[in-house]
Amino acid sequence: MGFKENLKEAMYCKNITTAELATITNINSGTLSSYLKTNGSMPPADKALKIARALDVSIDFLVEGFNVKADNDEQKNIQIPIEVYKLACDLSSLSKDELNAIKCVLKVLERNQSK
């Protein structure tokens with residue numbers, strides 16, 4: 001996936017609109033919209049950095065589709081496929097009971113797979 005798809009995914013995960021991102025980054029909403037179009041352009045580095053910071057993702061994620069931002073040095077080289085990142089975004093909105101139910105299902109699947 002390219003920059004526009006990764007930007008859309010990061011905006012979706014943060015539940016943020018183009019207008020809100022424009023306000024946070026001080027980048028014109030029309031400029032942001034051009035990055036999201038079918039043949040969208042790639043922003044210059046300074047704007048990409050503002051966007052990445054506002055969405056709490058790395059520039060690498062926006063460009064390559066991997067989230068390599070980490071809280072500590074040991075995790076900085078871990079690459080997370082965008083599908084996993086999207087799943088994590090979806091899971092973050094679930095209740096504790098819903099997450100526990102998913103864990104149970106995963107344990108059953110793991111047990112059945114190892115047989």
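Please read these numbers as outputs of a predicted model, since none were measured by experiment.
- Residues A10 and L62 share a closest heavy-atom pair of CB-CD2, 4.4 Å.
- Considering every non-hydrogen atom in both S58 and A52, the closest pair reads C-CB, 3.9 Å.
- With K14 as the partner, the side-chain contact (heavy atoms from CB on, under 4.5 Å) test is satisfied by one option alone out of I24, V57, L21, D56: D56.
- Within the structure, side-chain hydrogen bond (donor to acceptor under 3.5 Å, both in side chains) contacts touching residues 21-30 (residues at least two apart or in different chains) do not occur.
- Put simply, NZ on K4 and CG on L36 are 9.0 Å apart, with the number rounded to the nearest 0.5 Å.
- Partners of T17 under the side chain to side chain donor-acceptor pair (under 3.5 Å) rule, at least two apart in sequence or in another chain, are E20.
- One hydrophobic cluster holds both M42 and I51 under the rule that ILVMFWY side chains link at heavy-atom gaps under 4.5 Å.
- With sequence neighbours excluded, the residues that form a side chain to side chain contact (heavy atoms under 4.5 Å, CB included) with L49 are R53, I59.
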